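Note that this is a predicted model, so its numbers are computed, not measured. All residue numbers refer to positions in the sequence shown, counting from 1.
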Amino acid sequence: MKTTLVMMCAAAALFCSCSRAKKETAPNGQPYVFRQYPDGRPQATKRMSARDSGVVLRHGDGPDSCDWYGAREAIAFEEGGLYYMHYDGAGPLGWLACLATSTDLVHWDKKGPVLALGAPGSPDAKSASAPWVIREGDTWHMFYLGTPNTSAPPDRVPSFPYMTLKARSHSPSGPWEKEYNVVPFAPTPGTYYTITASPGFIVKSGDTFMQFFSASIFDAKHDTKRTLGIARTKDLEGRWTPDPEPIFPLSEQVENSSLYFEPANSTWFLFTNHIGLDERGWEYTDAVWVYWSRDLNRWNTHDRAIVLDGQNCTWSHGTIGMPSVVRVGNRLALLYDGRQGESTSHMGRDIGLAWLDLPLEPVPD
């Protein structure tokens, strides 16, 4: 009897172990593959896979042809029962921040550009895009990406340096007044943000605002290394101070941020865009990754997982662009950009929607 009991316990333990070890499968029923990159850059080896709902905003029909060449970098938030989404519209003049609104995150009403290009010689003369907004009192504060450089027309893809610029409004719909006299933070020689110091998600902790901004440098081989940093201020109309060190090593190759706090387990989840590398040596946005931590100031690269890539996206199998997340009842909506099929091009992108069930839980080893 004793031997039988031991054998039964061992069998039960083996069953539990196998159950825990069961691998998540992609929508096509095949096991997920964790890719390795030619240059050895870090890879995520866990998954917190979202369920994709496909394209919800297609490029090409925005007011004044504002997104004729593409729509990407969706940044969404809810206010007064209405969802607002700023996105980068690639139009005939360049990439500009455009606005669309929705009541369900699926059907969108395009409003057109909310920012114009700056005058020649200004820091946003070639692109005014990727805006993150936060309200304080009756004022809406916008932090957007500006650059005086782009690739050749008609694509006009923004290029370094990427700077954080400021605008404000009394309504999330605008109009927005640019504040060139306010310089939140800027690319700085000798730091981890020498060529990129572009805006990101803002959290208020106590009396301090924390902005999770994108940072990058050129290394000795002139390859781009990317990470995220935290800049801090107590005055949204004042100067921000970037932390002396990034939250991840520069080798992590991530950019852009959107955060969600899970009250069920007091955990922060940081969604970001991973930059991959193909066999030709070309970089492209290949996945949405998520990191988790109970401390906004401390993040561990071990605690990360893939949320969306070409394996669980139903339509874009080559490129997956910048994420932003919004809570909708007992689900978390994730907006992102991609391009139909296997292409990794910057152009011709559309906005997609995926979902995660709440509460979010850290992915175990």
Side-chain angles (χ1 to χ4, degrees), residues 73 75 77 86 88 97 114-115 118 122-125 127-148 158 160-170 172 176-217 225-250 252 254-261 268 270-273 291 293 295-299 322-324:
E73 304 210 347
I75 303 171
F77 62 96
H86 290 116
D88 288 0
V114 298
L115 294 174
S122 66
D124 58 353
S127 182
S129 52
W132 291 89
V133 301
I134 184 170
R135 185 181 66 178
E136 185 180 39
D138 295 329
T139 302
W140 287 84
H141 299 266
M142 173 185 283
F143 298 87
Y144 69 96
L145 182 152
T147 182
F160 303 128
Y162 296 151
M163 295 169 278
T164 295
L165 304 178
K166 176 80 166 57
R168 66 182 176 186
S169 176
H170 292 297
W176 295 91
E177 174 191 359
K178 292 183 180 181
E179 300 175 89
Y180 287 121
N181 60 310
V182 179
V183 182
F185 48 92
T188 304
T191 69
Y192 60 91
Y193 47 96
T194 59
I195 57 174
T196 296
S198 60
F201 193 91
I202 300 170
V203 176
K204 189 173 185 182
S205 178
D207 62 353
T208 300
F209 296 94
M210 303 169 63
Q211 183 167 176
F212 288 75
F213 71 97
S214 296
S216 70
I217 65 167
K225 302 296 184 182
R226 305 168 183 84
T227 187
L228 300 175
I230 300 175
R232 305 170 194 264
T233 190
K234 295 183 179 181
D235 179 9
L236 291 173
E237 294 284 6
R239 184 79 178 176
W240 295 66
T241 302
D243 287 357
E245 298 295 333
I247 64 174
F248 305 126
L250 280 159
E252 198 71 357
V254 293
E255 63 183 16
N256 300 312
S257 66
S258 184
L259 277 75
Y260 168 72
F261 179 72
W268 286 94
L270 186 158
F271 296 82
T272 187
N273 207 179
Y291 298 77
S293 175
D295 186 343
L296 276 172
N297 296 288
R298 292 180 176 84
W299 299 84
M322 186 184 93
S324 70

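Ion pairing between a basic and an acidic side chain is recognised when a charged N comes within 4.0 Å of a carboxylate O; Lys225 and Glu252 show no such pairing.
With contacts defined as side-chain heavy-atom distances shorter than 4.5 Å, the pair Thr196/Pro187 does not qualify. Counting heavy atoms from C-beta on, the side chains of Val203 and Leu296 come closer than 4.5 Å. In this structure, Met210 and Lys204 have side chains that are not in contact, with every pair of non-hydrogen atoms separated by 4.5 Å or more. Counting heavy atoms from C-beta outward, Trp240 and Gln211 have side chains that approach closer than 4.5 Å. Between Leu228 and Pro246 the shortest side-chain heavy-atom distance does not fall below 4.5 Å.
Note: Lys166 NZ to Glu237 CD = 3.5 Å, rounded to the nearest 0.5 Å.
Taking the six-membered ring for Trp and the full ring otherwise, the centers of Phe271 and Tyr291 sit at least 6.0 Å from each other. You'll find the ring centres of Phe213 and Tyr193 inside the 6.0 Å limit. Proximity of the aromatic rings of Trp176 and Tyr144 is defined here by a centroid distance below 6.0 angstrom, and this criterion is not met.
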Run the side chain to side chain contact (heavy atoms under 4.5 Å, CB included) test on Trp299 and Leu270 for me, step by step, so that the C-alpha distance in whole Å, both residues' side-chain angles and the decisive distance to 0.1 Å come before the verdict. CA-CA 9 Å; Trp299 299 84; Leu270 186 158; 3.7 Å; yes

Could you walk me through whether Trp132 and Phe143 pass the ring-ring contact (aromatic ring centres under 6.0 Å, His included) check? CA-CA 5 Å; Trp132 291 89; Phe143 298 87; over 10 Å; no

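A donor-acceptor pair shorter than 3.5 Å cannot be found between the side chains of Asp235 and Thr233.
Taking both residues in full, the closest heavy atoms of Ala130 and Glu73 are given as CB-OE1, 3.5 Å, listed atom of the first, atom of the second, then distance.
Applying the 6.0 Å contact sphere to CG of Asp138 captures no more than 12 heavy atoms from other residues, nucleotides or ligands.
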